[in-house]
K.L.:
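Sharing a structure here in structure tokens format.
Naming: A, B, ... by sequence-line order, numbering from 1 per chain.
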Amino acid sequence: MKQKVVGQVISQKEIAPMIFDMWIDTTLAGEAQPGQFICVYPKDKSTLLPRPISICEVREDRKALRIVYRVAGAGTKEFSAYQAGESIAVMGPLGNGFPVKAGEAKKAFLIGGGIGVPPMLELAKQLERVGCQVQSVMGYRNQDTFLKQDLEQYGPVYVASEDGSAGTRGNVMDAIRENALEADVIFACGPLPMLRAIKTYAEEKKIPAYISLEERMACGVGACLGCVAKTKNVDVHSHVHNARICTDGPVFLAEEVEI
Amino acid sequence: MNLQTEIAGVVYKNPVMTASGTFGSGMEYSEFVDLNKLGAVVTKGVANVPWPGNPTPRVAEVYGGMLNAIGLQNPGIDVFMERDIPFLKQYDTGIIVNVCGKSVEDYVEVVERLGEEPAVSMLEINVSCPNVKEGAIAFGQKADALYNITNTLKKHAKQPIMMKLSPNVTDITEMARAAEAGGADALSLINTITGMKIDIHRRKFVLANKTGGMSGPAIKPIAVRMVYQTAQAVKLPIVGMGGIATAEDAIEFILAGASAVSVGAMNFINPYCTEEILKGIEDYMRMYRVENLKDLVGAVHE
Ligand SMILES: Cc1cc2nc3c(=O)[nH]c(=O)nc-3n(C[C@H](O)[C@H](O)[C@H](O)COP(=O)(O)OP(=O)(O)OC[C@H]3O[C@@H](n4cnc5c(N)ncnc54)[C@H](O)[C@@H]3O)c2cc1C
Ligand SMILES: Cc1cc2nc3c(=O)[nH]c(=O)nc-3n(C[C@H](O)[C@H](O)[C@H](O)COP(=O)(O)O)c2cc1C
Ligand code: FES
């Protein structure tokens, strides 16, 4: 069940310039699934709307969540100053999450680009448990390859960086080609150009690709219709070619959305 | 203590309602709020056919509130009657349906369909959405157009009609009088105030629609003023809204002349706020030994 609660920061550290890694003690961890997200509410009343942040990891005892985020503006700047013990208002778990079952006994690409890397961690953990062969392909700006070591626990990690300072110079697709990698299914989160390239690649290879989309949100629970994505078919809820990213997504089968 | 309020002959168990478009048809927020506790659920605007709405980004944060340009995306009246109304009927709450259209004929069609459903206690007619090009607000910004549509809909409506007024006018009382003359049973106000936000780094409009309707705490003083002026100008009952975040805010609207209040954008920030506002109104009545909510309506004095 979705809830809005006040959690407590357990720890926070800057793991790369402007990238923060926070563990939160919260009951929302109880049912959280990989690919789902939480809404975090700034305390400053000039920033009223919730900030959607992906669930990066769920602690084994299901009593704490990890988020990894980039300081992008006022809200994330405020969060980055929180110390251990600070209260933090969160709502969740939100969205549908990645279908872990689709990776059962398969060879998968987990593709993350930039701040799309974090949700891949819990997914990698869960996929490994269902006998999925996890191959992570992560795209970064430079050599600040945050979460790479965490991901390595579950399978090989191939890196691409825009400036060539780590792994393949270029993007995640370049890394896939350079390492001659293959997969039966794709799970991805990252910037739109990356997701578009993945959609095309998956169509060519005739494999399913589950992609996580982003949009500006107000309610986070499917009520305001602020966060829609264009769909190929008429959506069952909206009865138009629009699905709510916060509720029907954020994860969609690439062939079902027009991006 | 009696929290009941009456609007155009319909009794609602308390004055706390949800603002159209911020609460869907109650389904999504029923995980957070006991809908049985609400005076009424006012649903998202519904048209005769499905509307796709505007391109994204549709929402933006601004100081003290937000802008939206959803463009009245809705599944159309057929789906609404088959899915949303039966859902709401499971609860002991008032059902007020917000109606939108591009032409008078569109509105008439929806109003007539809703006439088949006795569980719908009132129709809120949205003639004030700033985010669609045709229809909608065109009816709400000219007194004669508002008079005409009110007059026509009144002839076709089985339920009382509540005209939702736009604040994007020079004189709100002129519009209120036009609706009253046209035969409106009640008024609701305010809809959002047209605004704009520019991303200075990209030098682009933040919303795909360029303009959007502003709502949230920052618009409350404007809304309270307009509710007061309207209450002075016409005899119709008023549902007040615009920036309500707390019970204190809601009570301001009631003292200004609103018989009930709707809570909008604040649901996004605190999904439990409607229940909290109701409790706060009860506390206020207890503190000042007010027996009947009705005694507070318009009770502000010089
Ligand atoms: C489902 C989902 C999952 C996300 N997961 C992560 C994550 O794990 N790590 C991470 O660093 N970022 C993530 N983001 C992006 C994150 O939501 C934004 O970076 C954040 O909201 C910026 O807030 P701000 O106050 O710092 O920026 P500001 O620019 O001050 O924000 C102003 C407004 O715009 C909204 N906004 C700004 N950028 C975005 C964006 N990219 N997407 C949606 N809304 C935005 C804010 O929520 C706020 O309402 C995710 C976004 C979505 C939709
Ligand atoms: C996301 C959003 C969608 C809305 N959709 C509608 C609508 O469909 N019909 C309508 O009459 N008003 C709509 N409104 C206006 C609200 O009902 C209300 O009049 C306005 O937001 C002011 O109240 P608030 O400040 O409490 O949000 C919408 C407002 C928001 C924020
Ligand atoms: S953010 Fe409101 S519907 Fe998705």
K.L.:
With a 4.5 Å cut-off on side-chain heavy atoms, are Tyr29(B) and Val221(A) touching?
P.N.:
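The answer is yes; the side chains approach within 4.5 Å.
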
K.L.:
At under 4.5 Å between heavy atoms, what parts of residues 34-52 of chain A are in contact with chain B? List them by residue number.
P.N.:
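Under the 4.5 Å heavy-atom cut-off, Tyr41(A), Ser46(A), Thr47(A), Leu48(A), Leu49(A), Pro50(A), Arg51(A) qualify.
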
K.L.:
How long is the span from the OG1 atom in Thr56(B) to the NZ atom in Lys230(A), to the nearest 0.5 Å?
P.N.:
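Rounded to the nearest 0.5 Å, the OG1-NZ separation comes to 8.0 Å.
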
K.L.:
According to salt bridge (charged side-chain N to carboxylate O under 4.0 Å, His left out), does anything in residues 63-77 of chain B pair up with another residue at least two apart or in another chain? List the pairs.
P.N.:
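Residue pairs with at least one partner in residues 63-77 of chain B: there are none.
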
K.L.:
Would you find a donor on one side and an acceptor on the other, under 3.5 Å apart, between the side chain of Arg216(A) and the backbone of Arg58(B)?
P.N.:
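Pair absent, no side-chain N/O of Arg216(A) close to backbone of Arg58(B).
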
K.L.:
Does a side-chain heavy-atom distance below 4.5 Å link Glu28(B) with Thr247(A)?
P.N.:
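No, their side chains stay 4.5 Å or more apart.
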
K.L.:
Is there a side-chain contact between Phe23(B) and Cys219(A) in this structure, where contact means two heavy atoms from C-beta onward sitting under 4.5 Å apart?
P.N.:
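Sidechains of Cys219(A) and Phe23(B): no contact.
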
K.L.:
Heavy atoms only: give me the nearest Val240(A)-Pro50(B) pair and the separation to one decimal.
P.N.:
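Taking every non-hydrogen atom into account, CG1-CB, 3.6 Å.
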
K.L.:
Quick check on the structure: residues of residues 248-259 of chain A within a heavy-atom distance below 4.5 Å of chain B, by number.
P.N.:
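Result: none.
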
K.L.:
Test side-chain contact (heavy atoms from CB on, under 4.5 Å) on Tyr272(B) and Gln3(A) and set out the steps.
P.N.:
CA-CA 10 Å; Tyr272(B) 307 106; Gln3(A) 281 180 293; 4.3 Å; yes

K.L.:
I want to check something: taking the side chain as every heavy atom from C-beta on, are Arg83(B) and His237(A) in contact at a cut-off of under 4.5 Å?
P.N.:
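They are in side-chain contact.
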
K.L.:
Just checking heavy atoms, which of residues 67-92 of chain A are less than 4.5 Å from chain B?
P.N.:
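Met91(A) fall under the 4.5 Å cut-off.
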
K.L.:
Val62(B) versus chain A, heavy atoms under 4.5 Å apart: side chain, backbone, both or neither?
P.N.:
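Contact with chain A is through the backbone of Val62(B) alone.
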
K.L.:
Do Lys4(A) and Glu31(B) meet the salt-bridge criterion of a basic N to acidic O distance under 4.0 Å?
P.N.:
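Not counted as a salt bridge, because no side-chain N and carboxylate O are separated by less than 4.0 Å.
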
K.L.:
For the CG atom of Leu72(B) and the CG atom of Leu225(A), what is their distance to the nearest 0.5 Å?
P.N.:
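It is 10.0 Å, given to the nearest 0.5 Å.
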
